[in-house]
Amino acid sequence: MTVTTELKNLFTKNLRTSGIYIAFVLIVVLFTILTNGLLLSPTNITNIVLQYSYVMVLALGMIMVIVAGHIDLSVGSLVALTGAVSAVLVIKQDMPWWVGLVAGIAVGALCGLWQGFWVAYVGIPAFIVTLAGMLLFRGLTYVVLSNVSLSPFPGGYQQIAGGFLNGLLGGYGYDLFTMIIGVIAVAGLVFSQWRTRQGRVKFGQQVESLAMFLIKNGLSAIIILWFFWQIATSRGMPIVLMVLGVLIIGYHVLTTRTVFGRHIYAIGGNLSAAKLSGVNVKKVNLWIFINMGLLTGIAGVLFSSRSNGAQPGAGNMFELDAIAACFIGGASTTGGVGRVTGAIVGGLVMAVLSNGMQLMGVGASTQQIVKGLVLLIAVAFDIYNKRRAGEAN
């Protein structure tokens with residue numbers, strides 16, 4: 001197969017997979033033009049990482065929930081609750097910052113266990129359980145905070161989402177440590193892609209041509225190195241980006257290379273077949289929600305650290321941002337389809353849309369309208385591709 005044919009398929013037959021990446025590039029180009037290049041300035045790129053990291057973290061958990069055929073409406077309220085617990089311990093009780101961090105994550109995991117029990121072992125649909133959780137956790141947030149906001153956090157806690165690793169290895173006009181991390185990221189990506197390609201070749205599966213492989217990975221390497229150069233010339237490596245990078249790599253491996261990950265896709269793809277194959281559906285569903293709670297706890301710590309306080313109304317609409325990121329990133333409304341990388345790109349689409357419109361001075365109401373339309377179009381695109389695939393078969 002020639003490179004020309006492969007490029008053609010990228011925009012036709014494989015559009016369901018590649019469409020989100022093409023759309024993301026077009027959105028970035030559009031807002032770069034509309035903001036006169038301000039969108040891609042080093043300072044603004046760093047701000048995007050700092051401001052929207054919580055969406056990425058929530059999307060990592062939500063994609064697993066959606067692939068398994070569920071939904072979680074409670075994550076926004078749980079973000080508020082975990083942040084509130086951290087604030088009470090660190091600000092009111094004067095405990096060390098790391099105690100607040102651990103407590104926030106632990107509360108998130110326990111709340112995930114609570115919801116997972118009702119879904120997995122009692123059999124109540126996740127929509128109902130998490131809707132109840134949305135109300136329950138929001139009420140608990142008001143109780144924990146006594147209906148008042150708490151701030152500020154001490155410097156150590158603020159560093160979680162607002163700190164930078166700058167100057168560790170020096171650099172003239174840029175942070176060398178950040179660039180080394182970028183080079184490692186490129187090397188890891190190329191190695192992973194090459195290993196996957198060789199595995200498919202070994203088992204006689206169809207793979208892209210070597211030229212196409214080199215073009216795709218070459219472009220990815222350029223984009224990654226450019227991104228790290230931008231933040232290296234701004235304030236250095238954000239601590240939250242390192243946290244996010246570790247989570248993305250970990251959950252990509254979990255969903256693609258482990259038995260647990262395969263079981264999630266099996267449950268979402270065909271529940272009856274999964275049961276007949278010996279998958280412990282109840283146990284897997286329980287751990288899916290524990291994991292969602294754990295990641296929500298991390299997101300709650302990141303958000304409270306970034307906002308330097310805890311508010312009873314924090315986390316409002318966060319669940320919709322996370323769900324939208326997953327569906328925009330290619331997840332199916334019927335379950336069984338979705339990837340961690342797609343969810344992250346979907347989160348980036350939401351981040352660029354929000355940031356770009358803010359730079360343009362677009363009002364909050366218009367921003368919500370645009371986000372809603374983008375989500376609707378993404379789901380409509382998924383349904384269209386399913387119908388076209390069904391007609392082709």
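Given the structure is predicted, the values throughout are model-derived calculations rather than measurements. Below, each value reflects all heavy atoms present in this structure, side chains not excepted, and no hydrogens, waters or symmetry copies.
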(request) Go through the side-chain N and O atoms of Tyr251 and Asn291 and say whether any donor and acceptor fall under 3.5 Å apart. (result) yes
(request) May I ask you to test the Val301-Tyr157 pair for a side-chain heavy-atom distance under 4.5 Å? (result) yes
(request) Working to the nearest 0.5 Å, report the span between CD1 of Ile66 and CD1 of Ile288. (result) 11.5 Å
(message) If you define the side chain from C-beta out and look only at heavy atoms, does anything of Thr46 sit under 4.5 Å from Phe164?
(response) yes
(message) Between Thr334 and Ser332, is there a side-chain donor-acceptor contact under 3.5 Å, judged purely by atom types and distance?
(response) yes
(request) Take atom CH2 of Trp226 as the centre, draw a 6.0 Å sphere, and report whether it contains more than 12 heavy atoms from other residues, nucleotides or ligands. (result) yes
(message) Over 60° means perpendicular and under 30° means parallel, so tell me whether Trp118 and Trp114 are parallel, tilted or perpendicular.
(response) perpendicular
(message) I want to check a possible cation-pi pair here: Arg306 against Tyr54, using under 6.0 Å from ring centre and within 45° of the ring axis as the test.
(response) no
(message) For Phe227 and Gln230: C-alpha separation, side-chain torsions, deciding distance, then whether side chain to side chain contact (heavy atoms under 4.5 Å, CB included) applies.
(response) CA-CA 5 Å; Phe227 168 78; Gln230 293 294 89; 5.8 Å; no
(message) Just verifying a value: how many Å separate Asn285 CG and Ile264 CD1, rounded to the nearest 0.5 Å?
(response) 9.0 Å
(request) Please work out whether the ring planes of Phe318 and Phe303 are parallel, tilted or perpendicular, with thresholds of 30° and 60°. (result) perpendicular
(message) I'd like to check Met350 versus Tyr52 (side-chain heavy atoms, cut-off strictly below 4.5 Å). Are they in contact?
(response) no
(request) Flag the pair Asp321 / Lys371 as yes when at least one side-chain heavy-atom distance between them is below 4.5 Å, and no otherwise. (result) yes
(message) Trp97 vs Ser305, test: side chain to side chain contact (heavy atoms under 4.5 Å, CB included). Steps then yes/no.
(response) CA-CA 10 Å; Trp97 65 268; Ser305 172; over 6 Å; no
(request) Check whether any side-chain heavy atom of Asn44 lies under 4.5 Å from a side-chain heavy atom of Thr35, and answer yes or no. (result) no
(request) Return yes if some donor-acceptor pair links the side-chain N/O of Glu319 with the main-chain N/O of Gly76 below 3.5 Å, else return no. (result) yes
(request) Could you tell me which residues satisfy side-chain hydrogen bond (donor to acceptor under 3.5 Å, both in side chains) with Ser151, sequence neighbours excluded, listed by chain and number? (result) none
(request) Verify the distance criterion only: is there a donor paired with an acceptor across the side chains of Asn47 and Arg235 at less than 3.5 Å? (result) yes
(message) Applying side chain to side chain contact (heavy atoms under 4.5 Å, CB included) to Phe289 and Thr130, what does each step give before you reach the verdict?
(response) CA-CA 10 Å; Phe289 280 93; Thr130 58; 4.0 Å; yes
(request) May I ask you to decide if Gly116's main-chain N or O and Tyr121's side chain share a donor-acceptor pair within less than 3.5 Å? (result) no
(message) Just so I know, are the side chains of Leu210 and Arg197 near enough to count as touching, which here means a heavy-atom distance under 4.5 Å?
(response) yes
(message) Can you tell me how far apart CG (Leu376) and CD1 (Ile328) are? Round to the nearest 0.5 Å.
(response) 10.5 Å
(request) First locate atom CE of Met292, then atom CG of Asp72, and finally report the distance between them rounded to the nearest 0.5 Å. (result) 5.5 Å
(request) Taking all heavy atoms of Arg138 and all of Gly315, pick out the closest pair and write down the distance. (result) NH2-C, 3.9 Å
(request) Of all the heavy-atom pairs spanning Ala185 and Ile224, show the shortest one and how long it is. (result) CB-CG2, 4.3 Å
(message) For a 4.5 angstrom cut-off between non-hydrogen side-chain atoms, does Thr341 reach His252?
(response) yes
(request) Indicate the atoms forming the closest heavy-atom contact of Ala87 with Ala310, along with that distance. (result) CB-CB, 3.5 Å
(request) Compare every heavy atom of Gly104 with every heavy atom of Thr82, then report the nearest pair and how far apart it is. (result) CG2-O, 3.2 Å
(message) If I compare all heavy atoms of Leu50 with all of Val240, which pair ends up nearest, and what's the gap?
(response) CD2-CG1, 3.8 Å
(message) Given Leu30, which partner from the list Leu26, Thr32, Leu34, Val28 fulfils the side-chain contact (heavy atoms from CB on, under 4.5 Å) test?
(response) Leu34
(request) Go through the steps to decide whether Met62 and Ile323 satisfy the test side chain to side chain contact (heavy atoms under 4.5 Å, CB included), and finish with yes or no. (result) CA-CA 7 Å; Met62 191 65 73; Ile323 293 169; 3.9 Å; yes
(message) Is any side-chain heavy atom of Leu286 closer than 4.5 Å to one of Leu113?
(response) yes
(message) Looking at every heavy atom in both Val85 and Ala103, which two are closest together, and how far apart are they?
(response) CG1-CB, 4.2 Å
